[in-house]
**Student:** 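What follows is a single structure, and I will ask about it in a moment.
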Amino acid sequence: MEPPHPSPPTPSADQDRVREPRPDDGALRPPRYRVAPAARTYWLLSRSLWLVVALTGTVVPALLWDAGRPWLLAAAGAATVLLAPAVVVAPWLRYRTHRWEATPTAVYSRTGWLGRQWRIAPLSRVQTVEAKRNVLHRLLGLAAVSVTTGSAQGAVVIQGLDAEMAEELVSRLTDAVAATRGDAT
């Protein structure tokens, strides 16, 4: 059984965000926390925008150009067939599979529903920690937390966090990184 999304941060729940290691922490295991339930709406709306852009880019020219109408409408149909599953199914699958956790030694996330990707950032290697909020994030009360290391693979990004939780996580990780000895490379 999968753990539920943690409740909004409270002073008594601080231990749950960056917690003491358990004896089994040496083994790779799924991160404990789900992203916020509003992340499904975020992914649904952002994917719907891509579908609207694809349809607008094909249907509007089809209305204006008689000779290209059959090809443009076929392209609109193909775009709908290809993007509709991403709009309808992907947000719920992403919500079921996206997980994150911060321990005293690392921050890690698991993403992907067809292919799984585990990203782990040891605190001794962290260079920057930031919360990112685009317009859609702000409308839904969400944020993404990016933890950057010197890795060529890029940052560990935790999408779809509640905005308050993201701010708390950034603050706690910043404090933890400052207290961790390492070379941050």
Side-chain angles (χ1 to χ4, degrees), residues 2-22 25 28-47 49-50 90-185:
E2 297 178 9
H5 175 71
S7 60
T10 61
S12 62
D14 280 351
Q15 297 171 356
D16 290 339
R17 303 296 176 259
V18 177
R19 62 182 180 79
E20 291 302 313
R22 295 185 313 210
D25 275 352
L28 190 60
R29 59 176 174 69
R32 291 174 49 179
Y33 302 114
R34 279 188 173 181
V35 296
R40 291 178 290 211
T41 305
Y42 172 77
W43 290 319
L44 176 76
L45 291 175
S46 62
R47 301 242 177 179
L49 288 174
W50 282 107
W92 285 267
L93 290 175
R94 286 182 79 176
Y95 178 73
R96 287 180 46 106
T97 59
H98 278 52
R99 296 282 188 277
W100 69 276
E101 187 170 355
T103 67
T105 58
V107 117
Y108 57 106
S109 68
R110 183 188 74 189
T111 60
W113 45 283
L114 287 177
R116 294 279 169 98
Q117 181 182 34
W118 292 74
R119 299 295 310 266
I120 301 170
L123 294 184
S124 63
R125 302 287 183 172
V126 171
Q127 294 177 339
T128 61
V129 179
E130 64 181 328
K132 298 177 180 182
R133 297 185 74 196
N134 61 30
V135 173
L136 199 49
H137 281 133
R138 282 188 228 116
L139 286 173
L140 297 170
L142 297 172
V145 172
S146 177
V147 179
T148 307
T149 65
S151 169
Q153 295 298 314
V156 173
V157 179
I158 304 168
Q159 290 282 346
L161 292 179
D162 177 74
E164 285 182 30
M165 186 179 298
E167 290 299 324
E168 175 196 346
L169 182 61
V170 167
S171 175
R172 292 185 58 76
L173 286 175
T174 301
D175 293 343
V177 167
T180 301
R181 297 184 69 187
D183 59 5
T185 59

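Everything numeric here is computed off the predicted structure, so don't read it as measured data.
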**Student:** Can you tell me how far apart OG1 (Thr103) and CD1 (Ile120) are? Round to the nearest 0.5 Å.
**Tutor:**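 Spacing of OG1 (Thr103) from CD1 (Ile120) equals 9.0 Å.
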**Student:** With no hydrogens and no angle check, is any side-chain donor or acceptor of Glu101 less than 3.5 Å from a backbone partner on Arg32?
**Tutor:**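 A pair under 3.5 Å: yes.
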**Student:** For Leu49, which residues count as a side chain to side chain contact (heavy atoms under 4.5 Å, CB included) partner, sequence neighbours excluded?
**Tutor:**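 Checked Leu49 against side chain to side chain contact (heavy atoms under 4.5 Å, CB included); zero matches.
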**Student:** Would you mind reporting whether Leu173 and Val126 have side-chain heavy atoms less than 4.5 Å apart?
**Tutor:**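 No, side chains not in contact.
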**Student:** The criterion is side-chain hydrogen bond (donor to acceptor under 3.5 Å, both in side chains); which residues satisfy it with Thr128, sequence neighbours excluded?
**Tutor:**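 For Thr128, the residues satisfying side-chain hydrogen bond (donor to acceptor under 3.5 Å, both in side chains) (neighbours in sequence not counted) are Thr148.
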**Student:** Is Arg119 reaching over with its side chain to a backbone N or O of Val157, donor-acceptor style, under 3.5 angstrom?
**Tutor:**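 Pair absent, no side-chain N/O of Arg119 close to backbone of Val157.
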**Student:** Write out all pairs satisfying side chain to side chain donor-acceptor pair (under 3.5 Å) with one or both partners inside residues 132-142, taking only residues at least two apart or from two chains.
**Tutor:**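 Pairs touching residues 132-142 that pass the test: Tyr42-Asn134, Asn134-His137.
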**Student:** Please tell me if the side chains of Arg110 and His98 come closer than 4.5 Å, counting only heavy atoms from C-beta onward.
**Tutor:**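 The answer is no; the side chains never approach within 4.5 Å.
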**Student:** Mind checking side chain to side chain contact (heavy atoms under 4.5 Å, CB included) for Ala38 and listing every partner two or more places apart, or none if nothing turns up?
**Tutor:**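 Applying side chain to side chain contact (heavy atoms under 4.5 Å, CB included) to Ala38 gives Leu142.
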**Student:** Can you check whether Arg116 reaches Thr97 side chain to side chain, under 4.5 Å on heavy atoms?
**Tutor:**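 When only atoms from C-beta onward are counted, Thr97 and Arg116 do touch, with a gap below 4.5 Å.
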**Student:** List the residues meeting side chain to side chain contact (heavy atoms under 4.5 Å, CB included) with Arg40, not counting sequence neighbours, and say none if there are none.
**Tutor:**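 Per chain and number, Arg40 pairs via side chain to side chain contact (heavy atoms under 4.5 Å, CB included) with Pro37, Trp92, Tyr95.
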**Student:** Minimum heavy-atom separation for Thr149 and Gly154, please, with both atom names.
**Tutor:**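 Heavy-atom minimum between the residues: OG1-O, 4.4 Å.
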**Student:** Looking only at heavy atoms, which two atoms of Pro91 and Trp43 are closest? And how far apart?
**Tutor:**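 Scanning both residues completely, I find the closest heavy atoms to be O-CE3, 3.7 Å.
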**Student:** Closest heavy-atom contact between Gln159 and Ala144?
**Tutor:**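 The answer is OE1-CB, 3.8 Å.
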**Student:** Only counting residues at least two apart or in another chain, list the ones meeting side-chain hydrogen bond (donor to acceptor under 3.5 Å, both in side chains) with Asp175.
**Tutor:**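 Asp175 satisfies side-chain hydrogen bond (donor to acceptor under 3.5 Å, both in side chains) with no residue once adjacent residues are dropped.
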**Student:** To the nearest 0.5 Å, what is the distance between CG (Leu140) and CG (Leu45)?
**Tutor:**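 Rounded to the nearest 0.5 Å, the CG-CG separation comes out at 6.0 Å.
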**Student:** Does a side-chain heavy-atom distance below 4.5 Å link Leu161 with Leu169?
**Tutor:**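 In contact.
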**Student:** Is any side-chain heavy atom of Val107 closer than 4.5 Å to a side-chain heavy atom of Trp100?
**Tutor:**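 SC-SC contact between Val107 and Trp100 ruled out.
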**Student:** Do any N or O atoms from the side chain of Thr174 and from the backbone of Val170 form a donor-acceptor pair under 3.5 angstrom?
**Tutor:**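 Yes: the side chain of Thr174 pairs with the backbone of Val170.
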**Student:** Can you find a heavy atom in the side chain of Leu123 that is under 4.5 Å from one in the side chain of Thr105?
**Tutor:**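 The answer is no, as the side chains (C-beta and beyond) never meet within the 4.5 Å cut-off.
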**Student:** What pair of heavy atoms forms the shortest contact from Ala143 to Ala163, and how long is it?
**Tutor:**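 In this case the closest contact between Ala143 and Ala163 is CB-CA, 4.2 Å.
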